[in-house]
Amino acid sequence: MESDDTIEKAVIVGGGLAGLTAAYELKRAGIAARIFDKDDEIGQTWLDRHPQLSLNTHRSVSHLPRLEYPRGTPAFPRRTDVAVHLQEFARRHDLSVEHGVTVSDIRRTDDCFTMQINAASVRARNVVIATGRDRYPVMPILQGGDGYRGLLIHSSQFGDAKQYEGKRVLVIGGGNSGFDVLNHLSRVRPAQTWVSVRSGSTILPKRLHGIAVHRLSPLVAALPSKVADVSIALTQFLAFGSLADTGLPAAHKGAATRLSNEQIAIPVDDGAIRSIRDGRTKVVSEVLGFSGDMVSLADGTSIDPEIIIAATGYGAGLGSLIPALDGTEGVSIRQSNAYEGLWFVGMTPGLISYFHNVRRESRQIAIAIRARRYRQFT
């Protein structure tokens, strides 16, 4: 019989924000966890993103447990600020991440889990999946796309905004990542920018009369969903007035309700709406496909972008980690009898911040794993 010494108490897959927070909470609960991460250093996922990237959530609610950002950090921390923040957190709490480790084929065997890490096999009583909601970019499949001679990229490949100056650019998607791209494009000078929007969303300003709107998010999160929906819609109106003149579709669901039920984050404006109203960005209908280098739209018109940026979201890619969950996305904290000991952290957005959600989920997981260990020895 295999000795308990050869079975890890807990393994955390992912050494980013979610994984480090989970490791911290488990350590506080007296549970040692091994942390596996595919990257070469802590914070690499942030550093690999485009240079303009910053958080849409305020620094006051976007930090790791018991660690504030240094004085002078912008209200909305930059990607480099976040990466350094993660590194300092791991150092301060002595959280050792095993880097360059690819985890796959997590399966339930007997009373624990077996997984492949690089060329070896590891067994664990508990496995915490902390790889995030945005593990893989989701690209749209568009009819006739093989014949398009322009550049078609995902928003994760956005790069430096200056490269789009003088170019005709189409952004597909008016959600959170779409608005992030549009905000950055509004600060440079593309020859033409289009945004193709299929459905409407409530949009929040980054600042309103100089005040960082997101600082109020804990108050809004404490409201019932329907009341929060009204509060967010009112904030949109105070910031932009009616958006009917922009061509953006009206939102058919409240932002807080949609976030809770569908895990769809709220778009944040930081220049995109002004660009639309100034005519520098034009809202167009849904993209149907290509006809040569022309993009066909649902309203029967066509446009000729040189660059297409698909802001069409991400997938968690859980099937490559856990074969039994192939095709399952957006998993929150949940369990079944067949997979007792398998946990998920950082898979859902929230009104306050990703940091806040991850801390709450990690605490719940640490409490549950500690209780599970107690049951095993009584």
Side-chain angles (χ1 to χ4, degrees), residues 49-50 52-54 56 137-143 145 148 150-206 236 239-253 255 258 264-291 293-314:
R49 299 293 293 275
H50 65 79
Q52 300 88 191
L53 181 67
S54 64
N56 281 333
V138 174
M139 286 291 287
I141 299 174
L142 300 172
Q143 184 177 3
Y148 178 61
L151 178 63
L152 172 60
I153 62 172
H154 189 267
S155 55
S156 61
Q157 302 167 291
F158 180 69
D160 192 329
K162 292 179 181 178
Q163 67 183 306
Y164 301 99
E165 290 185 350
K167 304 293 186 180
R168 300 187 306 279
V169 184
L170 167 64
V171 179
I172 300 177
N176 190 44
S177 58
F179 261 77
D180 178 65
V181 169
L182 293 172
N183 290 333
H184 296 307
L185 290 177
S186 73
R187 300 186 187 98
V188 296
R189 293 186 176 274
Q192 176 65 58
T193 304
W194 297 276
V195 56
S196 170
V197 183
R198 183 169 57 183
S199 59
S201 302
T202 305
I203 301 159
L204 283 174
K206 204 160 196 174
Q236 175 186 275
F240 311 119
S242 171
L243 291 178
D245 62 322
T246 64
L248 290 168
H252 296 295
K253 295 181 181 178
R258 196 178 186 203
I264 296 177
I266 302 170
V268 175
D269 172 76
D270 192 21
I273 296 295
R274 179 178 293 277
S275 176
I276 291 170
R277 284 199 159 129
D278 289 348
R280 290 178 290 133
T281 299
K282 183 178 180 181
V283 179
V284 297
S285 59
E286 182 181 358
V287 172
L288 296 182
F290 293 89
S291 178
D293 288 338
M294 301 295 290
V295 174
S296 303
L297 304 173
D299 63 2
T301 61
S302 298
I303 55 177
D304 61 340
E306 298 170 84
I307 303 172
I308 300 174
I309 303 172
T312 43
Y314 298 82

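By convention here, the first residue in the shown sequence is residue 1.
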Please give me the minimum heavy-atom distance between [X] and [Y], naming the atom from each residue.
X    : Y    : value
V171 : A311 : CG1-CB, 4.3 Å
T312 : M139 : OG1-CA, 4.1 Å
V181 : S155 : CG2-CB, 4.0 Å
V283 : T246 : CG2-O, 3.3 Å
A272 : S186 : N-OG, 4.3 Å
G289 : L142 : CA-CB, 4.4 Å

*Which salt bridge (Lys or Arg N to Asp or Glu O under 4.0 Å) pairs, counting each pair once, include a residue from residues 158-175, with sequence neighbours left out?*
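Listed once each, the pairs are R168-D304, R168-E306.
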Main-chain N/O of [Y] paired with [X] side-chain donor or acceptor, under 3.5 Å:
X    : Y    : result
S275 : R280 : no
N183 : V268 : yes
Y164 : F158 : yes

Any side-chain heavy-atom pair from [X] and [Y] closer than 4.5 angstrom?
X    : Y    : value
Q52  : V188 : no
V295 : L170 : yes
L243 : I273 : yes
I276 : L248 : yes
L288 : Q143 : no
V287 : I308 : no

*asked:* For T202, give me all partners under side-chain contact (heavy atoms from CB on, under 4.5 Å), at least two apart in sequence or on another chain.
replied: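 T202: side-chain contact (heavy atoms from CB on, under 4.5 Å) contacts with I232, Q236, A251, A255.
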*Pairwise distance CG(D269) to CG(D180) - rounded to 0.5 angstrom*: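 Rounded to the nearest 0.5 Å, the CG-CG separation comes to 11.5 Å.
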_To the nearest 0.5 Å, what is the distance between CH2 on W194 and CD1 on I172?_
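Here the interatomic distance stands at 12.0 Å.
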_Walk me through whether T301 and V284 qualify under side chain to side chain contact (heavy atoms under 4.5 Å, CB included)._
CA-CA 9 Å; T301 61; V284 297; over 6 Å; no
Under the side chain to side chain donor-acceptor pair (under 3.5 Å) test, residues paired with [X] that sit two or more places apart:
X    : answer
R198 : none
S156 : H154
D270 : R187

_With side-chain hydrogen bond (donor to acceptor under 3.5 Å, both in side chains) as the test, pick out the partner of S201 among R258, K253, H252._
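Going through the options one by one, the only one that passes is R258.
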*Is it the case that more than 12 heavy atoms not belonging to R274 sit under 6.0 Å from its CZ atom?*
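It does not: R274 CZ has 12 such atoms or fewer within range.
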*Just jot down the ring-ring contact (aromatic ring centres under 6.0 Å, His included) partners of Y148, sequence neighbours excluded, or say none.*
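ring-ring contact (aromatic ring centres under 6.0 Å, His included) list for Y148, sorted by chain: F290.
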